[in-house]
Structures are given as structure tokens and as C-alpha cells.
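Reading through the C-alpha cells given below for one structure.
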Amino acid sequence: MGYRVAVVGATGLVGQRLLQVLEERRFPVDELRPLATSRSAGRRVRFAGSSWAVGEASVAALAGVDIAFFAASGEVSRQLAPEAARAGTVVIDKSNAFRMDPAVPLVVPEVNGHALAHHRNLIASPNCSTIQLVVALKPILDRFGLERVVVATYQAVSGTGAAALDELEAEVRAGVEGRAHPPQVYPKPIAFNVLPHCDRFEAEGFTLEEWKLVRETRKILERDDLPVTATAVRVPVRVGHSEAVWIQTRDEATVEELRRVLAAAPGVVVEDDPQAGVYPTPLAVAGRDEVFVGRIRRDPTTPRAFWLWIVADNLRKGAATNAVQIAEALVGAKARAR
Ligand code: 2RA
């Protein structure tokens, strides 16, 4: 039995990765409805060996859809998702619109898949930098407990969208050729630079990106008391977010025990032999669906404290693959319930 599936935002970077992942994982799509805002409607996308015309996203265009993946702006999600959910469509939303709504499960299947049991046709997929963090933290939390988390992110420009990818290339070319190129996407040049500025600045000098990491991590791990703090940085990388993560565990642990727990965790690959040049990098993990962890080491200055280096493809596990995995979990649960 297949499903009528819509992808809202089908022409964007994540929308196109969603189509790719749906096809790769042979998700049972009986009917596909690629949709976009009026600005992109009429373009064509490829799926299952065919070219598909992209329709304009609307409540009517979503009528009768079983599962709708939203990979557009929060504004589009707020406009269309609730009504689609009320009409019976299961909405899996990548935007930030509903992530902190107590009635909406915020789900990384291998971390808190149980939260899907309470969905009311609207499910939020977390921010890309949150997903890779909680996939790595969950096995440590379960085995040793967590007392504190400090994160510094190094986020690829594809997190901002296709225009940022083009901007990075244009700035690099201009830089190499000695031409001036006023920044078009970020407030300052991103080529040969790093920007401690992901999304807008908000309360207490933190950016929205940093607050997302704090709030979403606490919701997904069901630890509203967990001290989490973050600095989110944009780096001149095309695809792949990296994170330097400092943790303090509740219980004593060794580096070897952390390695074992991480290596046994779903969705995690440990690459940790720095002396042999073995550690994850964005360039190496682009195109993969796992979360890669390396540089696992004790912090000698603080009891029960450790550093981790966590890298993942922000467009796949950080967005498209996580959303499809949510759909797979729902479909699987439905099949088991029959
Ligand atoms: C970014 N996490 O990297 C945000 C949204 N994708 O810009």
C-alpha cells in the first residue's frame, strides 16, 4: 500500500534532498505532489526517473494527501500546515514554526521516537544542528547521565539555502581573482572568513540559532533542567555542520566507555583515531545519513568532563533524512497496528 505524498518547498535544497531520500529509501509513494510558493511553482523536479511539474502550495493542493513534508519557510508552514493536519494529512514540518509547541512532537526517531505516539497529524523535525547533537548525546545521557552541555557549531552555508551556496562560490572566485564582491547573503563576507552570527540576534546576546539548540535539545531529551549553552558559527563550507561539544556526565566514565556507547548507538558512526588522521570532517560526511563522532577525549581540568567532535550532513540527517525517517516510523507503526 502506497501513500499520496506532498513535498512543500520541493524546489529548495532540502525539498530536493527529500525527493532524493524518498527515492533512495523506496518510501511507498503512490502519488507525488511537489509543491512550492508561487515564486517557484511551474518549475520541474525529478523523482523516480520522471520529471514532475511543481504546483503552487495551497490548502486545496494538499487535499487528500496522506503525508506532507514541509521544507519551506515557517510562514508557509504556519499558513498551510494546521489546516492540512485538521483535514487528515500527517504533516512533517522542517521549519521552526511549531517545534516548541507543547502539542507538537519534536522528533529524532532514534532519540525520542516514542514521542510520535501522541501526534495529532502535526510533527516537527528539529533544527539541523540540534539533530546531530541529540543523536550523539542520547546514548551518553542514557548510560552515564548528563549534567552540562556546551556547544560551538561550525555550520555550512547550505543551511542558509541555495543562494548562500552561490554566494560562497562567487566570493571565493572574486577573492582569488582579486575582485571586490560586496556580501549579498550574509552581513559580512563568508569566504576566507567565519561569522559568529547564524540567524538573528535575540535575548541575552544569543542568536535564534543558539536558542534553538538549547530549547530543542532540552525538549527532545526530555530534560528541561539540562544546562545547555551554545555559540553558532557560519563557516565557508558547502555541506556539513560540525560541532565541538563539551559535556559533563553525572556518573564517572572513561573515554573508552564513551566510544563503546557511541559506537553501539543507532545512527552514530565513531571515527576516532586522531594519531592516524581518523576524525570526521564535513567534506567526508556529505551525502551520508549518519552522525559522525570523533576527537573523544577527557577534559583534564574538570571531573567527569569530555570533548566530542560531531559532524553530519545538514541537508540529509539534519533535515531530509530525519523527516523521511519520521514518516517511516509512522508508516511502520501503522502497519503493525493492522
Ligand atoms: C542554518 N540551522 O544552518 C540553520 C537552518 N537550516 O542556517
Side-chain angles (χ1 to χ4, degrees), residues 7-18 21 69-78 92-100 106-108 124-136 151-168 171 183-191 193-202 206-217 219-220 228-245 282-283 285-286 289 291 310-324 326:
V7 175
V8 179
T11 59
L13 284 181
V14 173
Q16 292 183 60
R17 285 300 188 290
L18 267 165
V21 171
F69 294 94
F70 273 64
S73 68
E75 183 189 347
V76 170
S77 293
R78 278 186 288 273
I92 300 170
D93 180 26
K94 178 195 77 70
S95 84
N96 189 41
F98 305 103
R99 287 176 182 157
M100 298 316 294
L106 180 64
V107 178
V108 181
S125 186
N127 193 29
C128 37
S129 44
T130 304
I131 290 173
Q132 64 190 74
L133 178 66
V134 295
V135 168
V151 190
T153 75
Y154 306 79
Q155 301 184 212
V157 300
S158 52
T160 312
L165 281 172
D166 296 341
E167 172 66 8
L168 173 59
E171 286 188 24
Q184 312 287 316
V185 171
Y186 298 109
K188 299 175 187 306
I190 183 61
N193 205 8
V194 295
L195 304 178
H197 183 178
C198 294
D199 214 319
R200 61 180 183 269
F201 281 98
E202 291 201 335
F206 288 86
T207 61
L208 177 56
E209 188 77 3
E210 289 155 354
W211 281 121
K212 286 178 186 176
L213 263 169
V214 174
R215 295 165 182 152
E216 293 175 21
T217 298
K219 179 172 178 179
I220 295 161
V228 183
T229 188
T231 298
V233 178
R234 189 71 64 193
V235 295
V237 167
R238 292 176 61 80
V239 175
H241 286 353
S242 306
E243 295 173 347
V245 180
L283 214 50
V285 312
D289 288 326
V291 171
I310 303 170
V311 187
D313 182 322
N314 57 296
L315 297 176
R316 288 184 68 105
K317 181 54 186 172
T321 306
N322 193 68
V324 173
I326 289 171

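Every number for a ligand or one of its atoms is a count from 1 in the order of the listing.
- With hydrogens left out, the protein atom closest to atom 2 (N) of ligand 1 is E209 OE2, 2.6 Å, a heavy atom.
- Annotation: atom 7 (O) of ligand 1 to nearest protein heavy atom, R234 NH2, 2.6 Å.
- Not a single heavy atom of C198 sits closer than 4.0 Å to an atom of ligand 1.
- Near H241, the atoms of ligand 1 lying under 4.0 angstrom from a non-hydrogen atom of the residue are 3 (O).
- A salt bridge is defined here as a Lys NZ or Arg NE, NH1 or NH2 lying under 4.0 Å from an Asp or Glu carboxylate O, and R17 with D313 fails to meet this definition.
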Stepwise, does the side chain to side chain donor-acceptor pair (under 3.5 Å) test hold for N127 with E209? CA-CA 8 Å; N127 193 29; E209 188 77 3; 2.9 Å; yes
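- More than 12 heavy-atom neighbours from other residues, nucleotides or ligands sit within 6.0 angstrom of CD on Q184.
- Here CG of L315 is found 10.0 Å from CG of L18. Values are rounded to the nearest 0.5 Å.
- With hydrogens left out, the protein atom closest to atom 5 (C) of ligand 1 is G159 O, 3.4 Å, a heavy atom.
- A side-chain donor-acceptor contact under 3.5 Å links K219 to the backbone of R99.
- Near N127, the atoms of ligand 1 lying under 4.0 angstrom from a non-hydrogen atom of the residue are 2 (N), 4 (C), 5 (C).
- Ligand 1 is never approached by K212 to a heavy-atom distance shorter than 4.0 Å.
- Shown in contact with Q155 at under 4.0 Å from a heavy atom are these atoms of ligand 1, numbered in order with element: 1 (C), 2 (N), 3 (O).
- Side-chain N or O atoms of Q16 include one that pairs as donor or acceptor with a backbone N or O of T11 at under 3.5 Å.
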